[in-house]
There are 2 protein chains.
Amino acid sequence: MAVKALPMVRQRGVCCGLPDVDATWASGTADLMKALADPTRLTMIASLWKAKAPICICDFTAGLALSQPTISHHMAKLKEIGLVESEKRGIWIYYRLRANLAPTTRRVLAQLIS
Amino acid sequence: MAVKALPMVRQRGVCCGLPDVDATWASGTADLMKALADPTRLTMIASLWKAKAPICICDFTAGLALSQPTISHHMAKLKEIGLVESEKRGIWIYYRLRANLAPTTRRVLAQLIS
DNA sequence: CATACCCATCGACGATTGTGGATGGATTCG
DNA sequence: CGAATCCATCCACAATCGTCGATGGGTATG
């Protein structure tokens with residue numbers, strides 16, 4: 001990647017413009033990053049990604065060294081952002097990666113996990 | 001992507017194993033996500049990515065609607081994680097994307113920004 | 001029906017984060 | 001040298017976050 005050099009001359013008190021960055025994009029992308037900015041949630045997402053199958057909440061509760069309310073809280077956050085969806089089966093609730101994830105989101109996850 | 005079906009039978013009180021997810025990976029990736037989990041820092045990174053050239057801190061201070069200490073604080077965080085590096089030129093300090101970013105990090109940014 | 005299990009929600013707590021005012025070092029210009 | 005500009009650091013404050021105990025609803029088993 002070609003990187004331009006530093007500008008040779010510059011006036012004091014005069015600043016240059018920045019490349020256009022859409023504020024809506026920044027806000028939305030930050031929300032996605034926030035959802036992924038925790039080791040527990042990242043482990044959950046990676047587990048679902050690798051398993052290629054729905055996983056019961058109880059398996060996370062048993063497998064991760066955290067209390068049941070904490071596990072539930074993290075999964076709720078992932079669901080709220082739209083990364084996962086759930087399905088009830090008897091007394092168990094299974095979570096899976098959302099079927100129609102945004103292509104960008106899916107590619108980001110692929111890069112992060114694989 | 002083929003997604004397996006839900007298990008038909010399940011015993012109460014018996015939980016299944018989870019796919020192996022490396023704890024070090026989760027921790028490190030979470031740190032990267034945390035660094036990107038803010039609209040201001042995301043805007044900074046996208047600006048540097050698009051500009052393909054070093055940008056002076058003063059340009060961020062002038063362009064973003066935040067105080068100078070806040071801008072400095074955000075950029076310090078990006079530098080601490082190793083996403084950007086800086087170069088001093090007179091009274092100005094220029095920041096640019098780190099030259100030898102981890103390939104994974106670079107690809108994630110490419111997916112997020114482009 | 002009574003018990004056991006699964007899970008979401010609530011409330012509380014300490015820890016972390018985003019923000020900006022004040023300060024001071026560094027550098028350049030007149 | 002004195003003034004102005006650029007920038008990092010320190011300090012304080014409100015807001016958000018991660019965590020867990022307690023609680024209660026829902027569901028299956030005996």
Side-chain angles (χ1 to χ4, degrees), chain A residues 6-16 23 26-27 30-44 54-81 84-96, chain B residues 6-16 23 26-27 30-44 54-81 84-96:
Chain A
L6 290 152
M8 296 309 293
V9 294
R10 172 131 208 178
Q11 249 185 337
R12 294 163 77 107
V14 177
C15 292
C16 309
S27 171
D31 287 340
L32 174 61
M33 297 295 98
K34 282 178 195 168
L36 299 176
D38 179 273
T40 301
R41 292 196 293 271
L42 227 30
T43 301
M44 289 172 162
I55 298 179
C56 179
I57 273 281
C58 67
D59 293 328
F60 287 113
T61 303
L64 309 179
L66 288 172
S67 70
Q68 179 267 323
T70 300
I71 299 291
S72 182
H73 164 257
H74 282 304
M75 196 59 91
K77 217 158 205 172
L78 292 177
K79 187 174 183 180
E80 184 188 358
I81 297 289
V84 304
E85 50 194 6
S86 62
E87 180 179 334
K88 188 170 182 179
R89 190 174 202 90
I91 59 175
W92 297 287
I93 299 187
Y94 285 80
Y95 281 84
R96 60 169 169 269
Chain B
L6 289 150
M8 295 310 291
V9 294
R10 173 134 208 173
Q11 249 185 336
R12 295 164 76 107
V14 178
C15 290
C16 310
S27 172
D31 287 341
L32 174 61
M33 297 294 98
K34 281 179 195 167
L36 298 177
D38 180 274
T40 302
R41 292 196 292 272
L42 226 32
T43 301
M44 289 171 162
I55 297 179
C56 178
I57 271 281
C58 67
D59 293 328
F60 287 113
T61 303
L64 307 179
L66 289 173
S67 70
Q68 179 266 323
T70 299
I71 299 291
S72 182
H73 163 258
H74 282 303
M75 196 60 90
K77 217 156 206 174
L78 292 176
K79 187 174 184 180
E80 184 188 359
I81 298 289
V84 304
E85 50 195 5
S86 62
E87 180 179 334
K88 188 169 182 179
R89 188 175 203 88
I91 58 175
W92 296 286
I93 300 187
Y94 285 81
Y95 282 85
R96 60 170 170 269

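Below, chain A is the first sequence line, B the second, and so on; all start at residue 1.
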Asker: Quick check on side-chain contact (heavy atoms from CB on, under 4.5 Å): which of A/I81, A/L78, A/L36 does A/R41 satisfy it with?
Answerer: A/L78
Asker: Contact class for B/K77 vs. all strands (heavy atom < 4.0 Å): base, sugar-phosphate, or nothing?
Answerer: sugar-phosphate
Asker: Between C/dA8 and A/K79, is there an OP1 or OP2 to side-chain N/O distance shorter than 4.0 Å?
Answerer: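 No, outside the criterion.
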Asker: For B/L36 and C/dT17, what is the distance between atoms CG and P respectively, to the nearest whole Å?
Answerer: 14 Å
Asker: Under 4.0 Å from any heavy atom of chain A: name the first and the last nucleotide of DNA chain D that qualifies, 5' to 3'.
Answerer: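 Range of nucleotides touched by chain A: D/dA4 to D/dA28.
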Asker: Where along residues 57-64 of chain B does a heavy atom fall under 4.0 Å from DNA chain D?
Answerer: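 Residues of residues 57-64 of chain B that come under 4.0 Å of DNA chain D are, in numerical order, B/I57, B/C58.
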Asker: Assign a letter to each nucleotide of nucleotides 20-30 of chain C from its 5' end: B, base within under 4.0 Å of a protein heavy atom; S, sugar-phosphate only; -, no contact.
Answerer: BBB---SBBS-
Asker: Mind checking what makes side chain to side chain contact (heavy atoms under 4.5 Å, CB included) contact with A/P69, not counting sequence neighbours?
Answerer: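 Counting only residues at least two positions away or on another chain, A/P69 forms a side chain to side chain contact (heavy atoms under 4.5 Å, CB included) with A/S67.
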Asker: In whole angstrom, give the distance that lies between atom CD1 of A/I55 and atom P of C/dC7.
Answerer: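 So the CD1-P distance, A/I55 to C/dC7, works out to 13 Å.
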Asker: B/M75 CE to C/dT17 P: how many Å, rounded?
Answerer: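 Atom CE in B/M75 sits about 18 Å away from atom P in C/dT17.
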Asker: For the pair made of CG in B/D38 and C1' in C/dT17, what is the distance, rounded to whole Å?
Answerer: 9 Å
Asker: Can you tell me how far the CD1 atom of A/I57 sits from the NE2 atom of A/H74, to the nearest 0.5 Å?
Answerer: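 If we round to the nearest 0.5 Å, A/I57:CD1 and A/H74:NE2 are 11.0 Å apart.
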Asker: So, using salt bridge (charged side-chain N to carboxylate O under 4.0 Å, His left out) as the criterion, who are the partners of A/D38 when residues are at least two apart?
Answerer: none
Asker: Of A/Q11 and B/A76, whose closest DNA chain D nucleotide lies nearer the 5' terminus?
Answerer: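 The answer here is A/Q11.
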Asker: Quick one: the dot-bracket string of DNA chain D, using Watson-Crick and G-U wobble pairs with both distances under 3.5 Å, [ ] for crossing pairs and | for bases paired to another strand.
Answerer: ||||||||||||||||||||||||||||||
